[in-house]
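Input: a single structure, listed below in C-alpha cells.
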Amino acid sequence: MAQIQLKGVTKRYPDGTEAVKAIDLLIGDGEFMILVGPSGCGKSTALRMIAGLEDISEGEMFIGEEVVNDLAPKDRDIAMVFQNYALYPHMTVRENMGFALKLAKVDQGEINTKVEEAARILDLQDHLERKPANLSGGQRQRVAMGRAIVRDPKAFLMDEPLSNLDAKLRVQMRTEVSRIQKRLGTTMVYVTHDQTEAMTLGDRVAVMRAGVIQQVDSPKVLYEEPANLFVAGFIGSPAMNFLPAKLTGDSLELPFGTTQLPDEIRAKIQGGGDKPRDVIAGLRPEHFEDAAVADERQTGGMKFKVTIDVVESMGSELYAYFDIEAKAAESEELAALAEDAGLGELPGAGSSGGATHVVARLDSQSSADAGKEVEMVLDVSQIKLFDPNGGRSLTAEQSQEAVGSRAAE
C-alpha cells in the first residue's frame, strides 16, 4: 500500500489544450478516493497519469515517497481495472486472473494460491474453470478485479468499471467494490461520472470540472456544504434548485416571499453588512414539504402556495414539479453546469416564459397532484447562498479553502 500525491500536475496536449490544470491532490495510504465530474472534466486523464498511461506535462507525481513521472506503467506497482473488462476470451477465469503473474514468471503453485484466495474474496470459486463468454457481466467484472487483486499492488486504479452493467447489477457491484476495498485496505482511486457511485463508495470525493478540482471532501460535506455553485448543482439527485434572491441584513427575499435567516446561516455570511445584495439561493428538493403532512420540526419553516405541474410517484416519496414566477438565476457557473450536466437535470437553471422550474421531494402521504394548489413549507435553516459573480458559496464552512485544486486535508 502507498499514498499517492499529485503536485501541480498538468496535462497539456500538442494543440495547447489543457485536460488537467495544475491539480494538487493527496490520496492517503489505504484511502478510497473518487474522482467524479461530467464527461470531459479530466478525471480519466488524471487517472491515466497516475497509471503512467499519459505523460505528465508539468508537476510531480508521487507513489509512496518516489517520484514516478518517468517510470513506465509496469514499474509503478499499480493495477488498473477498465470499463470493458479486457479479459482474454480463450482463457479460463483461473488463467485470466493469473496471467500477469505468469508473465512475471511466478511459481505456478504460488499463482494458484493467490488466484484461489482472490476467488474466495470475489465469490468466484465455482467459476474458475469457465470462460468469460459463459459469465454474466457482473462476474466478468469481478474476474477483472481478481486479476488486479492477485498482483497485490500498492494501489488499485478503476476507470468507470461499472458503467457497462445494467442498473440493478450496478447497485450490487457498488456494494461488492466497497466491501472488497475495505477488506483489502489497499489505496484505491476510482473514476466515475455517476455521482451516486461517488457518494456511496468513497472515503473522500474530488469533484472536477474543466480540468480543475472544485472541491475535495467527504460525501457528507460535499452534499451539506458545497463550496460553489458547480459542486452544489452536480452533487444530489434530483439536483439542487437555484433561485434569484436578495439579501438584506438577516432578511432574504425569495421569489415566493421573504424570510428571516437563522442566526447560524447569518453568522457564516462574510461581508456585505446590511446593504442589499443579489445572491443565488440553493434549495434542495428534500427541504420542501407539503404543509399538510409536515412534522413539527418542518412546520416552523417558510410557507407559500403553488400550483403543481407534474407529480412523479417513487413509492416512498413524491417528486412534485412547479413553476415560480421569477426570472431564472443567472451565473456563468450555472450556465456551464447546465451545459455539462444537461439542462433537464438542473431544475433551477431552466426557465419558461419568465417562470423558474422547481422540484420538491415530498412525503408519500402528500395529496399533491397535477393542477392542484398545495401549501408548501421550506426549511429555511437549510438554504445555501452563493455569489452570482464567481459562484462561491457564502454559507459553506471554510468555503475559501475548499475551492480550487487543493486537497482538503
Side-chain angles (χ1 to χ4, degrees), residues 195 223 226 229 232-247 251-261 265 278-331 333-335 337-339 341-386 388 395:
Q195 53 106 353
Y223 191 81
L229 281 168
F234 189 81
I235 298 296
S237 182
M240 181 179 279
N241 301 285
F242 296 107
L243 299 176
K246 189 175 292 292
L247 178 65
S251 177
L252 184 69
E253 182 184 343
L254 292 163
F256 39 73
T258 301
T259 185
Q260 297 297 112
L261 288 176
I265 293 183
D278 291 328
V279 295
I280 294 174
L283 314 172
R284 292 219 179 268
E286 62 269 28
H287 297 143
F288 293 93
E289 188 53 273
D290 182 342
V293 299
D295 60 30
E296 291 183 5
R297 177 182 57 83
Q298 296 167 317
T299 52
M302 178 183 185
K303 294 182 178 178
F304 58 98
K305 292 184 178 180
V306 294
T307 300
I308 304 299
D309 291 328
V310 177
V311 172
E312 295 176 346
S313 175
M314 309 302 289
S316 60
E317 58 194 8
L318 304 177
Y319 293 166
Y321 297 82
F322 56 92
D323 285 348
I324 295 294
E325 291 301 320
K327 187 178 179 181
E330 293 183 351
S331 165
E333 288 68 29
L334 284 182
L337 181 59
E339 182 179 348
L343 186 60
E345 297 175 22
L346 190 63
S351 62
S352 176
T356 296
H357 309 314
V358 178
V359 57
R361 178 182 282 161
L362 308 180
D363 189 279
S364 60
Q365 299 303 310
S366 170
S367 60
D369 204 357
K372 183 176 181 179
E373 186 178 70
V374 173
E375 185 177 39
M376 292 282 185
V377 58
L378 171 66
D379 183 353
V380 296
S381 70
Q382 300 297 327
I383 294 174
K384 312 300 179 189
L385 299 179
F386 302 90
T395 51

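None of these values were measured; they are calculated from a predicted model.
- Between Leu252 and Leu385 there is a side-chain heavy-atom pair separated by less than 4.5 Å.
- Asp323 places none of its side-chain heavy atoms less than 4.5 Å from the side chain of Val358.
- Every residue two or more places apart in sequence or in another chain was checked for a side-chain hydrogen bond (donor to acceptor under 3.5 Å, both in side chains) with Thr307, and none qualifies.
- Scanning all heavy atoms of the two residues, the minimum distance from Ala281 to Leu254 falls at CB-CD2, 3.6 Å.
- Qualifying side-chain hydrogen bond (donor to acceptor under 3.5 Å, both in side chains) partners for Ser366, counting only residues two or more places apart in sequence or in other chains: Asp290.
- Taking 4.5 Å as the limit, some side-chain heavy atom of Asn241 sits within range of a side-chain heavy atom of Phe288.
- At a threshold of 4.5 Å between non-hydrogen side-chain atoms, the residues Val306 and Ile324 count as touching.
- Of all non-hydrogen atoms in Phe322 and Ala360, the two that sit nearest each other are CE2-CB, 4.0 Å.
- Rounded to the nearest 0.5 angstrom, Leu362 CG and Glu286 CD are separated by 11.0 Å.
- Using modelled atom types, one side-chain atom of Gln195 and one backbone atom of Gly236 make a donor-acceptor pair closer than 3.5 Å.
- In this structure, Met302 CE and Gln260 CD are separated by 10.5 Å, a value rounded to the nearest 0.5 Å.
- Salt bridge present: Glu317 and Arg361 bring a charged side-chain N and a carboxylate O closer than 4.0 Å.
- Across every non-hydrogen atom of Ile308 and Asp369, the tightest pair is CB-O, 3.4 Å.
- The shortest heavy-atom contact between Thr395 and Lys384 is OG1-CA, 3.6 Å.
- The aromatic rings of Phe386 and Phe242 stand perpendicular to each other, their planes meeting at an angle above 60°, with 30° marking the opposite boundary.
- In this structure the side chain of Pro285 never reaches within 4.5 angstrom of the side chain of Tyr319, judged on heavy atoms.
- Here CE of Met376 is found 13.5 Å from NZ of Lys303. Values are rounded to the nearest 0.5 Å.
- What you find for Phe304 and Leu378 is that their closest heavy atoms are CE2-CB, 4.2 Å.
- Judged purely by atom type and a 3.5 angstrom limit, Asp379 has no side-chain atom pairing as donor or acceptor with the backbone of Gly301.
- A heavy-atom distance below 4.5 Å is found between the side chains of Leu243 and Leu283.
- Between Thr258 and Ser251, the shortest heavy-atom distance links the atoms CG2-OG, 3.2 Å.
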Any chance you could lay out the side chain to side chain contact (heavy atoms under 4.5 Å, CB included) test for Phe256 and Lys305, step after step, and finish with the verdict? CA-CA 8 Å; Phe256 39 73; Lys305 292 184 178 180; over 6 Å; no

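- Remark: Gln382 engages no residue in a side-chain hydrogen bond (donor to acceptor under 3.5 Å, both in side chains) (not counting sequence neighbours).
- Ion pairing of Lys246 with Glu253 is absent here, as no side-chain N (NZ or NE/NH1/NH2) approaches a carboxylate O to less than 4.0 Å.
- The distance from atom OG of Ser381 to atom NE2 of His287, rounded to the nearest 0.5 Å, is 7.5 Å.
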